[in-house]
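What follows is a short report on a single structure.
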Amino acid sequence: MIRRVMSADWLKIHGKGLWFLAGLGPLGLVAMQALNFGLRYDYIKQEYAMDLWGALLENISFFVPVALYLGSTLICSLMANIEHQTSSWKQLLALPISRVTVFSSKLLLCLILLTISCVLLSAGVMILGLVLGFGTDHIPYGEIVRIGLWPYGAALPILSLQLWLSLTFSNQAISVSFGLILSIVSLFSIYLPEWVPLVWPYLAWNSLQPMFYSIFGILLGMLLLLPGALHFARKDVI
Amino acid sequence: MSETIIETKGLLKNYKGRAAVKDLNLNIRKGEIYGFLGPNGAGKTTTIRLLLGLIAPSAGTIEIFGKDLRHEKMNILRKVGSLVESPSYYGHLTAIQNLEAIRRILNVPKSRISEVLDIVSLTGEEKRPVKGFSLGMKQRLGIASALLGNPELLILDEPTNGLDPSGIQEIRDLIKRMPQEHGITVLVSSHLLSEIELMANTVGILHQGSMVYQDSITNLQQRAAGEMRLVVSEPEMALSFVENRGYTGVLQNGTLCFTRMNDTTVAQLVKVLVEKGHAIYRVEERRQSLEEFFLQVVGGVSHD
């Protein structure tokens with residue numbers, strides 16, 4: 001059942017810029033660091049001579065949370081807008097499929113797109129390091145994978161929220177503005193207390209127990225999906 | 001007796017304290033084209049959304065194919081095709097891709113796409129993005145989507161809205177073919193009496209959320225028929241002549257006006273006038289407009 005709905009969704013996102021966006025995010029982050037390291041190459045090489053890979057990862061890590069939030073916001077919004085645009089909900093939801101299936105299909109597609117982004121980020125970091133000539137002797141494979149995946153897990157509560165907002169309000173200005181505000185606030189993560197879920201993607205890299213924040217994020221994200229899916233399944237489609 | 005396809009009992013839907021639909025008892029039988037008539041805002045679209053499970057009723061029950069919509073929604077929707085209000089489509093996709101997106105969910109064979117495109121005569125346009133389609137073509141694509149799953153019940157909400165006369169004609173013919181060729185029961189809504197008259201066998205009139213009239217189209221036509229008008233030579237003489245023969249009429253601007261009469265009476269009237277040597281220039285039935293008919297029908301309903 002869900003596979004059929006997903007294959008229909010797969011067709012619908014064709015030509016809507018979602019794939020482009022999923023590629024643009026990680027490429028943008030890597031390009032930014034390419035510029036940073038390119039311009040200050042000699043300085044950085046002196047300063048961080050001991051651990052060049054670590055320097056690259058740390059520099060990029062500051063921008064991973066905000067990129068994740070922006071990415072979730074835009075992907076959810078673009079995906080939902082395909083149905084809002086010509087009020088296709090009334091056609092889609094009058095088909096013999098349960099609303100929970102429709103909701104899950106949209107969720108899974110967002111997750112797949114973001115996972116591709118995160119994998120591309122890890123790959124991009126690796127390639128950039130090699131291009132900058134950091135050497136192949138001490139490639140921190142684990143760290144490179146970690147920077148792609150752990151902040152992603154910690155960002156799931158916001159993804160759940162954005163998905164629900166985008167699907168619920170046909171006016172995408174609401175969900176996009178909210179997502180933008182969250183993204184901007186997340187830039188000040190170091191000033192916020194650690195129990196604020198918004199900070200978790202940052203802590204999933206920069207803390208003593210990064211993995212815990214990723215796991216908390218996944219758990220809270222799943223918890224937040226329940227009311228969203230329930231509301232979607234029951235609401236009146238106007 | 002043919003079986004009942006849609007049956008609602010005491011259907012009620014409240015929106016913010018206002019009843020959009022109240023105490024609605026629908027009864028639609030197999031093979032019928034049921035015309036759902038009412039002015040804008042009467043609750044037609046609300047009723048259709050209720051029937052499709054898009055919104056939940058505040059009270060009352062809906063049975064389609066003899067099954068309760070609340071418990072067997074998926075089984076029911078599998079046999080229902082729908083077009084609600086403005087056509088839904090994905091503008092960036094072609095007509096084929098639009099149908100394919102629905103086909104994947106319905107899980108019907110791929111060949112069905114060209115079949116439905118053929119039924120609504122969109123063949124030849126199927127490879128263009130739908131955003132470039134005219135409203136009529138989008139409307140036809142909507143009907144094609146509704147037909148995709150081989151439905152037994154077709155629910156069409158204002159399918160001719162915004163179409164040009166030839167488009168209206170085309171869609172009307174299409175709808176009339178459904179019960180004959182495919183055995184499909186059709187529920188079609190409109191705010192135009194003339195529209196419904198040309199398509200439906202049974203009509204239900206909705207006013208402020210309540211059903212004020214439900215009967216066959218023939219009975220409706222009799223009730224809604226207005227007066228007979230005859231333009232003849234020497235009208236004054238003609239009037240006094242027929243009045244002596246038991247017809248009651250009046251003279252308005254040289255036209256003889258009679259109250260509603262059946263075909264035989266009209267034929268007799270014309271015959272006696274011709275035999276008397278009057279030239280008959282015109283025999284016309286002046287139909288009541290929907291507004292007038294509404295006022296007449298609604299007049300009997302108390303407002304609370």
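We name chains A, B, ... by the order of the sequence lines, and we start the count at 1 in each one.
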(request) Name the region of Lys138(B), side chain, backbone, both or neither, that has any atom closer than 4.5 Å to a heavy atom of chain A. (result) neither

(message) Between Ser186(A) and Ser189(A), is there a side-chain donor-acceptor contact under 3.5 Å, judged purely by atom types and distance?
(response) no

(request) Mind ranking Glu83(A), Lys12(A), His14(A), Gln91(A) by heavy-atom pairs under 4.5 Å with chain B and telling me who comes out on top? (result) Lys12(A)

(request) Could you tell me which portion of Ser86(B) (side chain, backbone, both or neither) has an atom closer than 4.5 angstrom to a non-hydrogen atom of chain A? (result) both

(message) Taking side chain as everything from C-beta outward and backbone as N, CA, C, O, which of these in Arg234(A) sits under 4.5 Å from a heavy atom of chain B? Side chain, backbone, both or neither.
(response) neither

(request) With a 4.5 Å cut-off on heavy-atom pairs, point out which of Asn75(B), Leu52(B), Leu77(B) contacts chain A the most. (result) Leu77(B)

(request) May I ask you to name which of Arg78(B), Lys73(B), His92(B) has the most heavy-atom pairs under 4.5 Å with chain A? (result) His92(B)

(message) Which one wins on heavy-atom pair count under 4.5 Å against chain A: Leu106(B), Asn98(B), Val80(B)?
(response) Leu106(B)

(message) Run the ring pair (Phe, Tyr, Trp, His ring centres under 6.0 Å) test against Phe103(A) and tell me which residues pass, sequence neighbours left out.
(response) Phe232(A)

(request) Establish, from distance only, whether the side-chain atoms of Tyr90(B) and Thr86(A) form a donor-acceptor pair under 3.5 Å. (result) no

(request) Would you kindly say whether Thr168(A) and Lys235(A) are connected by a side-chain donor-acceptor distance under 3.5 Å? (result) no

(request) Under 4.5 Å, counting heavy-atom pairs only, tell me which of Gly91(B), Gly81(B), Ala101(B) racks up the most with chain A. (result) Ala101(B)

(message) What's the separation between atom CZ in Arg103(B) and atom CG in Leu148(B), rounded to the nearest 0.5 Å?
(response) 8.5 Å

(message) Out of Val5(A), Leu95(A), Asp9(A), return the one with the most heavy atom pairs under 4.5 angstrom to chain B.
(response) Leu95(A)

(request) Could you tell me which portion of Gln85(A) (side chain, backbone, both or neither) has an atom closer than 4.5 angstrom to a non-hydrogen atom of chain B? (result) neither

Scan the side chains in residues 67-76 of chain A for donor-acceptor partners under 3.5 Å anywhere in the protein, sequence neighbours excluded, and list what turns up.
| residue | atom | partner | partner atom | Å |
| --- | --- | --- | --- | --- |
| Tyr69(A) | OH | Leu198(A) | O | 2.8 |
| Ser72(A) | OG | Leu68(A) | O | 2.6 |
| Thr73(A) | OG1 | Tyr69(A) | O | 2.7 |

(request) Verify whether one side chain among Glu32(B) and Thr202(B) offers a donor that lies under 3.5 Å from an acceptor in the other. (result) yes

